[in-house]
Every structure is written in structure tokens, then in C-alpha cells.
Protein chains: 2
Amino acid sequence: MTNYQNLLKSYGLKTTFQRLSILKSIDIAGHITIDDIHKDILTNHPSLSLATVYNNILKMQNIGVVVEVPISGKKSKYELIKDDHIHLICQKCGSVVDKDINCDVEQIFDKISVENNFVLLSTQNNLYGVCKDCIY
Amino acid sequence: MTNYQNLLKSYGLKTTFQRLSILKSIDIAGHITIDDIHKDILTNHPSLSLATVYNNILKMQNIGVVVEVPISGKKSKYELIKDDHIHLICQKCGSVVDKDINCDVEQIFDKISVENNFVLLSTQNNLYGVCKDCIY
DNA sequence: TCTTTATTAATAAAAATTATTATCTAAGGA
DNA sequence: TCCTTAGATAATAATTTTTATTAATAAAGA
Ligand SMILES: [Mn+2]
Ligand SMILES: [Mn+2]
Ligand SMILES: [Zn+2]
Ligand SMILES: [Zn+2]
């Protein structure tokens with residue numbers, strides 16, 4: 001993972017064990033809910049407040065380090081900032097897998113945006129279905 | 001809008017004023033939150049319970065008439081079922097506009113799914129940015 | 001080390017969602 | 001048209017999720 005300590009500092013956010021733990025938890029999981037971040041960190045830091053996770057996720061969203069991944073019918077998951085990509089979301093087990101987005105797709109999205117005088121900033125591309133481990 | 005009365009019936013859901021009002025409200029708005037559906041219907045049906053909106057949205061989601069549109073940083077909106085398409089979502093005013101999805105894009109999504117043994121059922125393609133009315 | 005200021009934990013408050021239940025109504029049959 | 005009945009609604013309570021408050025704490029720089 002990138003140097004998040006410097007990134008936090010550049011936005012005036014102090015480096016705390018809590019923040020680094022949250023980033024580490026997200027990085028390891030790939031995509032994870034607020035609750036699961038909290039549970040994860042609780043194991044070796046039992047006093048972590050859930051509110052602290054909420055607060056910091058919000059702050060780190062605002063500075064662009066963390067991105068919300070809203071998922072139909074489920075609680076949002078969070079990931080570290082990365083280039084636009086595709087999500088394969090399993091409706092059985094809830095897994096979320098990243099896939100590179102094709103250049104052609106990006107061009108088409110750009111074209112649609114231009115046609116509609118829409119200033120495109122980011123995309124979220126969720127493919128819902130059943131993952132290979134859940135077909136039996 | 002299609003004949004939702006028959007659709008409800010075919011799934012064993014009784015046709016009620018409340019359900020038809022919800023469907024109509026969604027149809028007219030295009031994309032709308034639970035709260036706004038409730039407020040909308042309240043004007044000429046002041047006794048409508050918010051819980052009734054929640055319950056029915058859930059039931060109509062389950063039978064596939066209504067689809068949740070989760071939006072990063074905001075409350076989900078709901079729309080009537082339609083073919084997969086693209087959303088232009090304005091981060092200033094919150095507007096959501098439908099755009100047809102290009103066949104090429106669909107093919108690429110299919111290809112990615114096949115490559116990953118993923119059974120693709122539906123997609124949600126959110127393009128976040130600033131709409132033409134919000135650039136000044 | 002000291003000082004300052006942001007951050008945290010703990011808690012309370014608020015907002016959102018779901019559950020419960022008595023009453024009511026849509027739908028089908030007599 | 002008038003029952004009958006299963007399912008739906010309204011009202012409310014309960015639960016869950018998220019945000020606000022604040023005293024104590026810890027990071028960062030002097
Ligand atoms: Mn991702
Ligand atoms: Mn739509
Ligand atoms: Zn799965
Ligand atoms: Zn706008």
C-alpha cells in the first residue's frame with residue numbers, strides 16, 4: 001500500500017494508530033464494511049470506538065483516500081482509492097472482486113458524458129451475479 | 001408504464017392504492033428515495049405510513065418490479081425495472097439521468113464475466129460528476 | 001519537555017429501518 | 001350483492017445505524 005502516513009499529513013490529518021489501522025484493514029480486505037473494520041481492529045485494540053471508525057472513514061473519504069462502494073441491498077463497503085474499475089459482486093456470498101476496466105468502455109463513458117455536457121469525475125461499475133465459488 | 005396491476009397479481013400481491021401510488025410515484029420521478037415517495041403520496045393520502053412504503057418497496061424489489069439504485073454518499077433511490085443502463089449522477093444537485101448502455105460495453109462486461117466464471121445477472125453503471133445545469 | 005490542537009472514547013442523541021399487532025380491505029366465492 | 005378470509009395497512013414500538021457532544025488523551029512541532 002502507498003504511503004498513507006504522508007498522504008494523511010499532507011491533508012492535515014494526524015497519523016494515529018486508529019487511522020492507520022483502518023487503512024490497513026481496508027487494504028487487506030480489499031472491500032469491507034464499517035462494522036467489519038471495527039470488529040477487525042477490536043481484536044488487538046479493544047477500546048476502538050465505532051464512532052471513530054465512522055468519523056475517520058468520512059474524513060478519509062473527503063480527502064479522497066477512501067472510497068465508498070454502495071451495493072444494492074447491502075451495506076456499503078469501503079476500499080482504498082484506485083483507478084476506476086469494475087466490481088464483480090456475488091449475490092450469494094457477498095464477495096466483491098476488482099477487474100480492470102477496458103479502455104473502450106472508458107471511451108464510451110467519456111463520449112456519453114460529452115454528449116450530455118456532463119463533467120465526468122468517477123465511475124462505479126457493479127456487475128451483480130453469482131461468483132464461481134457459489135455455483136454448484 | 002406497464003400493467004403493474006397484473007404484475008402484482010401474478011406474484012400474489014394484492015392491488016392496493018398504496019402499491020399503485022408507490023409505483024406511480026417512482027414512475028413519474030424516475031429515481032426517488034423512500035422518503036420522497038412517502039412525502040409525495042402523503043399529499044393526497046395523508047394516512048400513508050412510512051413503514052408501508054418500506055415494506056412494499058422491499059416486496060416489489062423481491063418480485064423484481066422495483067430496483068434499488070445505491071448512490072455513493074447519499075440515500076438509495078428506487079426506479080422501476082428496466083434494461084440495464086447507465087446513470088449520470090450529479091454530485092451537485094443529486095439528479096440521476098438514464099442513458100442507454102452501448103452494446104459494446106455489454107459485450108465487454110459479458111466477456112469479463114465469462115473469463116471469471118461469473119454468472120452475470122444485472123449491472124449498475126454509475127457515472128458521477130457534474131450535470132450541465134450545475135456548471136456555471 | 002512543553003504547548004497546542006486535533007483526536008479519541010464514551011456516551012447521548014438523532015435518524016433510519018424493521019417488527020408488532022389490531023384494524024381494515026381486496027379478492028374470490030356463495 | 002353479500003360474506004369470508006387471507007393478506008395489507010396504520011400506528012406504534014423496538015431496533016439498528018449514524019451523527020453529535022464533550023472530557024480526556026495523544027500527536028506534532030517548538
Ligand atoms: Mn474495488
Ligand atoms: Mn435508472
Ligand atoms: Zn459467491
Ligand atoms: Zn446537477
field: Close approaches to DNA chain C from residues 53-63 of chain A, in residue order (heavy atom, under 4.0 Å)
entry: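 Output list: A:Asn56, A:Lys59.
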Close residues, residues 34-46 of chain B, relative to DNA chain C [heavy-atom separation under 4.0 Å]: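 Contacts with DNA chain C under 4.0 Å: none.
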May I ask you to evaluate whether [X] reaches the phosphate of [N], defined as a side-chain N or O under 4.0 Å from OP1 or OP2?
X: B:Thr52; N: D:dA10; result: yes
X: B:Gln18; N: D:dA10; result: yes
X: B:Ser47; N: D:dA10; result: yes

Not counting sequence neighbours, which residues clear side-chain hydrogen bond (donor to acceptor under 3.5 Å, both in side chains) with [X]? List them please.
X: B:Thr123; answer: B:Asp84, B:Asn125
X: A:Asn126; answer: A:His87, A:Tyr128
X: B:Ser76; answer: B:Glu68
X: B:Ser21; answer: none

What's touching nucleotides 23-30 of chain C from the protein side, N or O pairs under 3.5 Å?
{"unit_1": "C:dA26", "atom_1": "O3'", "unit_2": "B:Thr15", "atom_2": "O", "d": "3.3"}
{"unit_1": "C:dA26", "atom_1": "N3", "unit_2": "B:Lys14", "atom_2": "NZ", "d": "3.4"}
{"unit_1": "C:dA27", "atom_1": "OP1", "unit_2": "B:Thr15", "atom_2": "N", "d": "3.1"}
{"unit_1": "C:dA27", "atom_1": "OP1", "unit_2": "B:Thr15", "atom_2": "OG1", "d": "3.4"}

- prompt: Is any side-chain heavy atom of A:Val66 closer than 4.5 Å to a side-chain heavy atom of A:Ile81?
  reply: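 A:Val66 vs A:Ile81: side chains apart.
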- request: Answer yes or no: is there a side-chain heavy-atom contact under 4.5 Å between B:Phe109 and A:Ile86?
  value: yes
- prompt: More 5' along DNA chain C: B:Lys75 or A:Ala51, using each one's nearest nucleotide?
  reply: A:Ala51
Can you measure [X] atom [atom1] to [N] atom [atom2] for me and round it to whole angstrom units?
X: A:Lys74; N: C:dT17; atom1: NZ; atom2: C1'; answer: 18 Å
X: B:Tyr78; N: C:dA16; atom1: OH; atom2: P; answer: 13 Å
X: B:Ile22; N: D:dA10; atom1: CD1; atom2: C1'; answer: 13 Å

Could you go through residues 51-60 of chain B and list every donor-acceptor pair under 3.5 Å that involves a side-chain atom there, pairing it with any protein atom two or more places apart or in another chain?
{"unit_1": "B:Asn55", "atom_1": "ND2", "unit_2": "B:Ala51", "atom_2": "O", "d": "3.3"}
{"unit_1": "B:Asn56", "atom_1": "OD1", "unit_2": "B:Arg19", "atom_2": "NE", "d": "2.7"}
{"unit_1": "B:Asn56", "atom_1": "OD1", "unit_2": "B:Arg19", "atom_2": "NH2", "d": "3.2"}
{"unit_1": "B:Asn56", "atom_1": "ND2", "unit_2": "B:Thr52", "atom_2": "O", "d": "3.0"}

- request: Only counting residues at least two apart or in another chain, list the ones meeting salt bridge (charged side-chain N to carboxylate O under 4.0 Å, His left out) with A:Asp35.
  value: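 With neighbours one apart ignored, the set is A:Lys75.
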query: What residues in residues 64-73 of chain A put a non-hydrogen atom under 4.0 Å from any atom of DNA chain D?
result: none
- prompt: Between the side chains of B:Glu79 and B:His85, does any donor sit under 3.5 Å from an acceptor?
  reply: yes
message: Regarding B:Asp98 and B:Lys82, does a basic nitrogen lie under 4.0 Å from an acidic carboxylate oxygen?
response: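 Counted as a salt bridge, because a side-chain N and a carboxylate O are separated by less than 4.0 Å.
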- request: Using the test side chain to side chain contact (heavy atoms under 4.5 Å, CB included), find all partners of A:Asp36 that sit at least two apart in sequence or belong to another chain.
  value: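 Only A:Ile32, A:Thr33, A:Lys39 meet the side chain to side chain contact (heavy atoms under 4.5 Å, CB included) criterion with A:Asp36.
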message: Enumerate the side chain to side chain donor-acceptor pair (under 3.5 Å) contacts for residues 108-121 of chain B, please, sequence neighbours excluded, ordered by first and then second residue.
response: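 Matches after skipping sequence neighbours: A:Lys99-B:Asn116, B:Lys111-B:Glu115.
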query: Are the ring centres of A:Phe17 and A:His45 closer than 6.0 Å?
result: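 Yes, ring centres under 6.0 Å apart.
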